[in-house]
Amino acid sequence: LSRQILSRSTSVNIATFHAKVPETVMARTLSVVITPYMRTVLKDLHELTAVSLPAAEYVSSLTDRPITIIQNGIDVQHFTFTPRARAASPRTIVYIGRLEQRKGVKYLLRAYARLAQDLEGTVRLLIAGDGADRRKLTLLAEELQIPNVEFLGYISDEQKVALLASADLFCSPALYGESFGVVLLEAMASGLPIVAGDNSGYESVLRELGTLSLVNPKDEIDFARRMRVLLEEPKLRALWQTWARSYIKQFTYEKVVDQYERLYRKALRKYAGSPVHAR
């Protein structure tokens, strides 16, 4: 239906690509099925945009047309920037997201187990979210006898904002399949240092000083070490928070909307009243 509507459209048509195709057998098989459909859609699109280079990878394989990168944004004012120095015990590490394999939460549990052993009860881990792996992750935490771990389940947006404002460190150890990382922006807007998986989507968000936050989640020793240094070194935390407060400004809704408006106006001037020409 969407294909038929697009083929009959008399408007200027702009597509935005959000997702990165995961490097899995199932995803590659699915892309084979989708590709013929996408090729027919492309000829009716005037402009192509994507939220990141990883999100643009798939469509780039189908066309040599330019793709404008306009990153996702957030309502920065919705979050309270609360830079916390080395907090009193217990220091709180937070994960917010789906509980599924690609999110790498089992590696967070293993790294946290090492950290909790070294810091002897002065840290806690709060895991917010639900998903197919919740039961397995709960059992893993019990098997490893990890202290001070709590599975919060689904939380509301209001609870999320409060949780980020009260925490000391945010962890998101996703392995793959991320085209961006809005949750990373939300943590930054809350003044919360981050340790995150070194997937291409997160790499597109955590640049400059933010690369300090990227880690291979499967390397539990380095993962635990990175969490510890960002928890315990007040000068490093302050440096990270100062950088984040400035860096996050480019992701405000106002700036993102301005980029889309400029693109739409440019497309209207260029294409209004003209047919789309396939390339």
Side-chain angles (χ1 to χ4, degrees), residues 19-20 22-27 29-30 87 89-179 181-184 186-187 190 192-202 213-232:
K20 174 176 170 57
E23 293 298 322
T24 64
V25 173
M26 182 176 292
T29 301
L30 184 62
S89 299
R91 285 157 287 168
T92 302
I93 301 168
V94 167
Y95 167 86
I96 301 173
R98 293 285 299 166
L99 302 184
E100 57 189 28
Q101 182 180 358
R102 72 179 183 87
K103 292 294 189 177
V105 181
K106 72 176 181 181
Y107 301 108
L108 170 58
L109 288 172
R110 293 184 184 279
Y112 171 76
R114 286 180 171 272
L115 181 69
Q117 184 177 27
D118 290 342
L119 298 183
E120 298 180 344
T122 63
V123 289
R124 65 173 180 164
L125 173 62
L126 303 181
I127 297 176
D130 213 338
D133 283 1
R134 179 170 179 175
R135 178 61 177 163
K136 288 193 292 186
L137 293 168
T138 303
L139 291 174
L140 177 62
E142 293 173 357
E143 177 188 332
L144 296 174
Q145 299 182 332
I146 307 175
N148 300 330
V149 177
E150 185 176 353
F151 289 83
L152 304 178
Y154 172 81
I155 61 172
S156 67
D157 182 69
E158 184 180 62
Q159 290 172 314
K160 176 181 69 176
V161 172
L163 186 60
L164 291 172
S166 65
D168 300 287
L169 183 68
F170 182 78
C171 285
S172 188
L175 303 172
Y176 59 86
E178 302 290 338
S179 64
V182 169
V183 71
L184 305 182
E186 293 173 343
S190 304
L192 193 54
I194 295 167
V195 178
D198 57 354
N199 63 75
S200 59
Y202 286 179
S213 294
L214 296 169
V215 67
N216 175 5
K218 295 182 180 180
D219 185 343
E220 62 187 59
I221 295 176
D222 190 39
F223 194 169
R225 183 186 300 123
R226 201 73 55 92
M227 285 193 287
R228 182 165 186 170
V229 74
L230 280 170
L231 275 174
E232 295 215 304

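Worth saying up front: this structure is predicted, and the values here are computed from it rather than measured.
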### Message
Working to the nearest 0.5 angstrom, can you tell me the gap between Arg225 CZ and Asp118 CG?
### Response
10.5 Å
### Task
Could you pull out all residues at least two apart from Arg124 that satisfy salt bridge (Lys or Arg N to Asp or Glu O under 4.0 Å)?
none
### Message
Checking Arg110 now: which residues fulfil side-chain hydrogen bond (donor to acceptor under 3.5 Å, both in side chains) with it, not counting sequence neighbours?
### Response
none
### Message
Please enumerate all residues that pass side-chain hydrogen bond (donor to acceptor under 3.5 Å, both in side chains) together with Ser172, with sequence neighbours excluded.
### Response
Tyr202
### Message
Main chain of Leu175, side chain of Asn199: is a donor-acceptor contact present, judged purely on distance under 3.5 Å?
### Response
no
### Query
In chain order, what residues pass the side-chain hydrogen bond (donor to acceptor under 3.5 Å, both in side chains) check against Arg134, with sequence neighbours excluded?
none
#### Entry: Whether over 12 other heavy atoms sit under 6.0 Å from Glu100 CD
yes
## Note on the structure
One should read off an interatomic distance between Tyr95 OH and Leu108 CG, to the nearest 0.5 angstrom, of 8.5 Å
### Query
How would you list, by chain and number, every residue that makes a salt bridge (Lys or Arg N to Asp or Glu O under 4.0 Å) with Lys160, sequence neighbours excluded?
Asp157, Glu186
## Note on the structure
Contacts of Asp219 meeting side-chain contact (heavy atoms from CB on, under 4.5 Å) (sequence neighbours excluded), chain-then-number -> Asn216, Ile221, Asp222
### Task
Tell me, please, which residues at least two apart from Glu220 pass salt bridge (Lys or Arg N to Asp or Glu O under 4.0 Å).
Arg114
### Query
For Gln159, which residues count as a side-chain hydrogen bond (donor to acceptor under 3.5 Å, both in side chains) partner, sequence neighbours excluded?
Ser156
### Query
So which pairs with a foot in residues 135-153 pass salt bridge (charged side-chain N to carboxylate O under 4.0 Å, His left out), sequence neighbours left out?
Asp133-Lys136
### Message
Testing the basics here: between Pro217 and Val215, what is the closest heavy-atom pair and its distance to 0.1 Å?
### Response
CD-O, 3.1 Å
### Message
To the nearest 0.5 Å, what is the distance between CD1 on Ile127 and NZ on Lys103?
### Response
13.5 Å
### Task
Report the residues that fulfil salt bridge (Lys or Arg N to Asp or Glu O under 4.0 Å) with Asp198, sequence neighbours left out, ordered by chain and then residue number.
none
### Counterpart residues, side-chain contact (heavy atoms from CB on, under 4.5 Å), relative to Ala128 (two or more places apart)
Ile96, Leu152, Ile155, Leu163
### Task
Identify the heavy atoms of Leu137 and Leu109 that sit nearest to each other, and give their distance.
O-CD1, 3.6 Å
